[in-house]
Chemist: 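Submitted below is the structure of interest, expressed as structure tokens.
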Amino acid sequence: FVSTAVTWLSQCVYTNFVRSGVEKEPLQVILKERMREFIEKLSERMLKLQLEDDKELQKEIKQRDSLFILMEKMVRDSNYITYDMLENNFPFTILRNSYRAVYENKKKKRQQPDNEI
């Protein structure tokens, strides 16, 4: 849902820029370029998050793997961002490891017995 919302919001914002005359390029060209810039900035921030070693910050970003997967889903759902753009900015090894970590975490939760009576 979030990934679809980002795509729709970007279309709305840049459609208004084109209509107002701020942007002279066709809408599809503008959206593709702006979404490429967005994925570059997002990837940069996510990589910094991956390298973060601060223990206090690590407690706050327990869902880091889920964020990486969300970014990949945003690319999958977008008409303007391609996997090539993502791969140029974000290593797929991290995505693969994130999917594995989320799967293993979910598997552990299923195997834990319920303590409720």
Chemist: In Å, rounded to the nearest 0.5 Å, how long is the span from CZ of Phe68 to CG of Leu42?
Modeler: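 The distance works out to 9.5 Å.
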
Chemist: Rounded to the nearest 0.5 Å, how far does CD1 of Ile39 lie from CE of Met46?
Modeler: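 It is 8.5 Å, given to the nearest 0.5 Å.
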
Chemist: NZ/Lys32 to OG/Ser78 distance, rounded to the nearest 0.5 angstrom?
Modeler: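 Rounded to the nearest 0.5 Å, the NZ-OG separation comes out at 10.0 Å.
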
Chemist: Could you check whether any side-chain heavy atom of Met35 comes within less than 4.5 Å of a side-chain heavy atom of Asn79, counting everything from C-beta outward?
Modeler: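 In short, these two side chains do not touch, never coming nearer than 4.5 Å.
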
Chemist: For Glu37 and Lys41, what are the C-alpha separation, side-chain angles and deciding distance, and is it a salt bridge (Lys or Arg N to Asp or Glu O under 4.0 Å)?
Modeler: CA-CA 6 Å; Glu37 291 171 4; Lys41 299 292 183 195; over 6 Å; no

Chemist: Quick one: side chains of residues 81-92, donor-acceptor pairs under 3.5 Å with protein atoms, not counting sequence neighbours, listed by atom name and distance.
Modeler:
| from | atom 1 | to | atom 2 | distance (Å) |
| --- | --- | --- | --- | --- |
| Thr82 | OG1 | Met85 | N | 3.3 |
| Tyr83 | OH | Glu72 | OE2 | 2.5 |
| Asn88 | ND2 | Asp84 | O | 3.2 |
| Asn89 | ND2 | Met85 | O | 2.6 |

Chemist: For a quick test of your reading: what N or O donor-acceptor pairs under 3.5 Å do the side chains of residues 101-108 make, sequence neighbours left out?
Modeler:
none

Chemist: With sequence neighbours left out, what residues match Arg96 under side-chain hydrogen bond (donor to acceptor under 3.5 Å, both in side chains)?
Modeler: none

Chemist: List the residues meeting side-chain hydrogen bond (donor to acceptor under 3.5 Å, both in side chains) with Ser98, not counting sequence neighbours, and say none if there are none.
Modeler: Asp65

Chemist: Are Ile69 and Leu67 connected in a single hydrophobic cluster, I mean Ile/Leu/Val/Met/Phe/Trp/Tyr linked by side-chain heavy atoms less than 4.5 Å apart?
Modeler: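 No; Ile69 is not reachable from Leu67 via cluster members.
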
